[in-house]
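A short write-up of the structure that comes next.
Lettering of chains follows the sequences in order, A, B, ..., and the numbering in each one begins at 1.
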Protein chains: 2
Amino acid sequence: MEQKQKSEFTKQLILNESFKLFYKNGFKTTSVDKIMKTTNLTKGAFYHHYKSKKELGLEVISSKIQQRVYQGMITPLYQDGNALAILKVTFSERLKSFSQYDKQHGCPMNNFINEIADEEEAYQLALKRIVEEWKAALVYLLERGKKEHVINKTISSNAVAVYLISSFEGIRGIRKLYNDDSVLDDYILGLSLYLNQLKP
Amino acid sequence: MEQKQKSEFTKQLILNESFKLFYKNGFKTTSVDKIMKTTNLTKGAFYHHYKSKKELGLEVISSKIQQRVYQGMITPLYQDGNALAILKVTFSERLKSFSQYDKQHGCPMNNFINEIADEEEAYQLALKRIVEEWKAALVYLLERGKKEHVINKTISSNAVAVYLISSFEGIRGIRKLYNDDSVLDDYILGLSLYLNQLKP
DNA sequence: CTTAAAACATACTAACTAGTATTTTTTATA
DNA sequence: TATAAAAAATACTAGTTAGTATGTTTTAAG
């Protein structure tokens with residue numbers, strides 16, 4: 001009984017440290033050796049729990065990264081309340097809540113997308129799954145907003161959802177180039193202009 | 001006299017092949033060995049022309065990538081004509097003009113930003129320079145549009161410029177996840193909705 | 001034609017890479 | 001408490017990495 005728990009703990013430890021190192025230094029340039037050094041375990045433990053680095057990468061995406069996006073950007077969209085206000089708050093508060101570290105290193109999902117999505121279909125699929133769920137949540141909220149006469153019925157929810165996701169992921173990258181938040185402030189202003197124009 | 005030309009040709013050859021390989025496989029995972037194999041030259045030639053891989057990376061950014069962004073996204077903004085129409089055409093035509101290969105591999109600049117901007121200040125600066133010139137061109141065009149009563153004077157040109165750049169770079173990444181253009185069509189629709197709302 | 005420098009080639013280093021083979025330690029259970 | 005399986009450690013392989021040291025070839029200029 002205790003063994004299973006300990007084993008699961010080890011696997012999670014490797015997963016957590018991997019996520020951190022991938023976020024900090026990139027996936028391809030983080031070695032299994034480096035990961036295992038931070039866990040104070042050895043390669044034997046790694047290959048006991050994961051059959052390859054690729055398998056680990058996929059699990060980091062479908063577990064750690066998905067959780068993060070859900071918590072920060074998807075779950076809030078299912079709240080009750082004015083759809084437009086929820087959009088505005090979710091996007092801008094998320095940006096404002098990031099630590100200096102997170103601003104400097106961008107979006108873990110976007111980093112993965114740009115580093116390895118064009119390399120291997122398995123990564124592509126795992127990442128697409130998250131984006132699609134994000135998009136679905138946005139479309140749901142926009143449609144609700146339309147029903148409740150808060151959002152212009154003539155606009156395409158799909159198009160707005162894609163545009164919102166694109167701009168958010170884009171700014172997470174652009175922000176890496178700067179050492180202050182002015183570009184984020186510009187983005188938030190641009191976003192709120194955009195959202196205001198979705199009114200009926 | 002001839003020597004200088006040949007030497008310059010070699011340096012450009014290395015630069016061009018590097019750009020292609022960085023675009024295809026990423027910067028950190030493209031080795032100097034691989035680059036020199038595609039040029040049919042050897043390591044001796046490489047380190048004669050470039051003092052390090054980092055120096056090469058910086059030159060790829062400030063030369064190859066800058067040229068590409070200028071040609072595709074900046075120069076067109078300085079055309080005469082309706083500012084809003086120029087924006088719409090420049091962004092959507094650029095997206096539509098990409099080859100399958102370019103759609104799959106995203107934006108070279110955005111790839112660099114997400115791969116190495118948080119690693120080394122020199123890369124950050126070289127990339128920022130391009131983004132700033134792009135932003136300046138957009139702001140110039142938006143201001144001209146305001147003067148010519150084509151664009152709403154109350155909006156912030158800076159904010160719109162940042163929002164446009166973010167969404168464009170974002171969609172270039174998101175598109176990597178898909179095998180068809182529907183997400184690009186959604187983006188273009190979302191963009192034109194957005195641009196229409198910039199009218200006075 | 002000689003000479004020196006520039007352009008490039010060859011052969012190396014030391015560190016790192018993903019993954020494997022084998023052994024030791026720990027744990028559950030009979 | 002004996003035993004087998006799970007968990008983890010150790011030691012290895014074969015390949016790759018950026019960069020260097022030392023050659024050889026080519027070219028320009030006297």
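- A straight line from CD of B:Glu8 to C1' of D:dT27 spans 17 Å, rounded to a whole angstrom.
- Counting non-hydrogen atoms under 4.0 angstrom, B:Thr42 reaches a base of the nucleic acid.
- Heavy atoms only, all atoms of each residue included: B:Glu119 and A:Asn25 are closest at OE2-O, 3.9 Å.
- Closest non-hydrogen pair, B:Leu142 versus B:Ala161, comes out as CD1-N, 4.0 Å.
- By the 30° and 60° cut-offs, the orientation of the rings of B:Phe168 relative to B:Phe98 is tilted.
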**OP:** Could you encode protein contacts along nucleotides 17-23 of chain D as a string, one character per nucleotide from 5' to 3', using B for base contact, S for sugar-phosphate-only contact and - for no contact, with a heavy-atom cut-off of under 4.0 Å?
**Re:** SBBB---
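- Test A:Tyr23, A:Phe22, A:Phe27 against A:Val60 for side-chain contact (heavy atoms from CB on, under 4.5 Å) and you get one pass: A:Phe22.
- Overall bending of the helix from C:dC1-D:dG30 to C:dA30-D:dT1, expressed as the angle between end axes built from five pairs apiece, is 0° (10° steps).
- Rounded to an integer number of Å, the gap from CG of A:Leu56 to P of C:dG19 is 10 Å.
- Within the structure, a side-chain polar atom (N or O) of B:Thr10 is placed less than 4.0 Å from OP1 or OP2 of C:dC8.
- To the nearest 0.5 Å, atoms NZ (A:Lys34) and OG (A:Ser18) are separated by 12.5 Å.
- As a whole-Å value, the separation of B:Leu41 CG from C:dA6 P is 19 Å.
- For the pair A:Asn158 and A:Leu138, the minimum side-chain heavy-atom distance is 4.5 Å or more.
- The shortest distance between side-chain heavy atoms of B:Asp118 and A:Lys24 does not fall below 4.5 Å.
- No close placement of the A:Tyr123 and A:Phe112 rings is indicated, their centers lying 6.0 Å or farther apart.
- At the phosphate of D:dA7, OP1 or OP2 sits under 4.0 Å from a side-chain N or O atom of A:His48.
- The interatomic distance linking A:Leu21 (CG) with C:dT17 (P) rounds to 12 Å, in whole Å.
- The only member of B:His105, B:Lys176, B:Glu169, B:Arg172 that meets side-chain contact (heavy atoms from CB on, under 4.5 Å) when paired with A:Asn114 is B:Lys176.
- A close approach under 4.0 Å does occur between a side-chain nitrogen or oxygen of A:His49 and OP1 or OP2 of D:dA8.
- Going from atom CD of A:Gln5 over to atom P of D:dA6 covers 18 Å, rounded to whole Å.
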